[in-house]
Structure formats: C-alpha cells, structure tokens
Amino acid sequence: KNQVEQSPQSLIILEGKNCTLQCNYTVSPFSNLRWYKQDTGRGPVSLTIMTFSENTKSNGRYTATLDADTKQSSLHITASQLSDSASYICVVSEDRGSTLGRLYFGRGTQLTVWP
Amino acid sequence: EAQVTQNPRYLITVTGKKLTVTCSQNMNHEYMSWYRQDPGLGLRQIYYSMNVEVTDKGDVPEGYKVSRKEKRNFPLILESPSPNQTSLYFCASSLSNFLRGQGSYEQYFGPGTRLTVT
C-alpha cells in the first residue's frame with residue numbers, strides 16, 4: 001500500500017535554532033517528492049520538488065534531501081524564525097509517465113518556533 | 001494575477017441538501033485536484049483531473065462527484081452531504097506534462113472552503 005509517513009508529529013524549537021523533519025514513503029512507482037508549508041487555515045505553499053535523480057534541493061533556509069534507494073527524505077530548516085511556525089507536509093507523486101498522477105500526502109509535522 | 005479561486009469560502013448546510021463547491025484557475029493548467037483536510041489526518045486527495053473530461057479517484061472519493069467540462073473549472077459536488085463530510089476543502093491546479101526524470105510542476109492551492117454539514 002502506498003503510504004507517506006512523517007516524523008516527528010510535532011516539534012517545538014527556539015528561534016534561531018536548526019531542525020530536521022523526516023519523511024519515509026512506500027509509493028511506487030515513484031515520480032517526485034514535494035515539501036509544502038501550510039499555515040493554519042490556508043492552502044499549502046510549495047517549498048521544494050525533487051525527482052529520483054536529485055539528492056538535495058534548497059530554497060532559502062530550507063534544504064530538502066532525498067534518498068530514493070531507502071525512500072527517505074528530510075527537510076532541514078536553518079536559523080529558524082517565528083514565521084516558520086506551520087505544518088510541513090511531505091507529498092509523493094506516483095509515476096504516470098510524463099503526466100502528473102495521484103499524490104500521496106503525509107500527515108505533516110507541526111513546527112512551533114518560540115522566541 | 002495567477003490564482004486558484006474557490007466558492008464559497010464558508011458554507012453551513014443540512015444533511016441531504018445537494019451542494020456544489022466551485023473551483024476555477026486562470027493559469028491554463030491541465031491538472032486539477034480536490035482535497036479535504038481533517039485534524040490529525042492531514043490532506044487527503046478526493047478526485048483529480050489530468051485534463052478536460054479526464055478524472056480519477058483519489059484516496060477518499062466516496063460521497064463526492066466531480067466534472068471537468070472545461071479546462072479552467074473543476075467543481076466538487078456533494079449530492080447528499082452527511083456530517084462526516086464536514087471538513088476544510090482545498091482545490092489545487094498545476095501544469096501536468098513534464099519530461100520523466102526532468103522535474104515536475106508546482107501545484108497551486110486555493111484558499112480553502114470550510115464546510116459544515118449539520
């Protein structure tokens with residue numbers, strides 16, 4: 001069964017600290033993996049998209065890594081800010097050739113940054 | 001401005017009264033999708049459409065219908081809403097076609113529709 005598991009479920013860190021969020025998946029065949037940031041009550045906003053051939057991708061203070069062999073991804077946040085408080089969602093896309101197909105969502109990691 | 005719009009944003013209705021939530025995008029995207037989000041369960045895909053007249057089921061299609069008669073619109077229909085369909089609903093769109101292994105396209109989400117069925 002295709003699944004996406006994220007850990008931890010929630011995380012509290014102090015402003016300025018770094019943190020790493022984890023994502024494990026069993027989706028096959030695999031097309032790409034995305035990390036989203038979602039503020040409460042709002043639609044998710046994309047942070048990174050990676051295919052199987054990409055090991056790492058950065059977007060400002062966000063760096064995502066992907067190990068397609070072990071089916072694991074991580075999202076590293078550097079020098080956290082209060083505005084980083086949000087839910088971070090890992091999404092894996094099923095390979096449908098050259099067409100976007102079904103998406104599998106993790107339940108998210110709720111990050112809280114304290115001053 | 002490129003955007004995905006949903007209407008209504010908030011809706012309170014009663015069990016069994018048919019309703020439609022509209023979704024429209026102005027980016028000429030082929031791919032559109034509906035999700036529901038419930039506390040502790042995260043986002044779950046209801047239906048998606050890869051292009052006009054092409055739709056497919058996601059994780060939780062029961063109790064929902066969709067149609068894709070034109071590229072820009074992808075309405076979500078609840079023929080007989082029930083209280084367990086109380087949720088926050090998101091529509092999203094993206095370009096669909098890309099070279100395998102060459103990356104993928106960004107998915108843009110609408111602002112959400114909060115539905116309560118009593």
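Hydrogens, waters and symmetry mates play no part in the numbers below; they use all other heavy atoms, side chains included. Residue numbers begin at 1 in each chain, while the letters A, B, ... track the order of the sequences.
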Note to self: Using the side-chain contact (heavy atoms from CB on, under 4.5 Å) definition, which of the options A/I49, A/T48, A/L75 pairs with A/N59?
What the structure shows: A/T48
In a table with atom names and distances, give each donor-acceptor pair under 3.5 Å that connects a side chain of residues 74-83 of chain B to protein atoms at least two apart or in another chain.
unit_1, atom_1, unit_2, atom_2, d
B/E79, OE2, B/K65, NZ, 2.9
B/S82, OG, B/N84, OD1, 2.5

Side-chain donor-acceptor distances from residues 53-63 of chain B under 3.5 Å, at least two apart:
unit_1, atom_1, unit_2, atom_2, d
B/D56, OD2, B/Y48, OH, 3.4
B/D59, OD1, A/R102, NH2, 2.3

Check: Just checking heavy atoms, which of residues 109-118 of chain B are less than 4.5 Å from chain A?
Finding: B/F109, B/G110, B/P111
Next item on the list: Counting only heavy atoms closer than 4.5 Å, note whether A/Q9 contacts chain B via side chain, backbone, both or neither.
Entry: neither
Notebook entry, point to check: Got A/Y88 and A/L47 here, is their nearest side-chain heavy-atom distance under 4.5 Å?
Noted result: yes
Margin query: With rounding to the nearest 0.5 angstrom, report the CH2 to SG distance, A/W35 to A/C90.
Written below: 4.5 Å
Check: If you tally heavy-atom pairs under 4.5 Å against chain B, which of A/P44, A/S46, A/G41 wins?
Finding: A/P44
Margin query: With no hydrogens and no angle check, just 3.5 Å: does a side-chain donor-acceptor pair link A/Q38 and B/Q37?
Written below: yes
Note to self: Heavy-atom cut-off 4.5 Å, strictly under: side chain, backbone, both or neither for B/Y35 against chain A?
What the structure shows: side chain
Item checked: B/P39: side chain to side chain contact (heavy atoms under 4.5 Å, CB included) partners, not counting sequence neighbours -> none
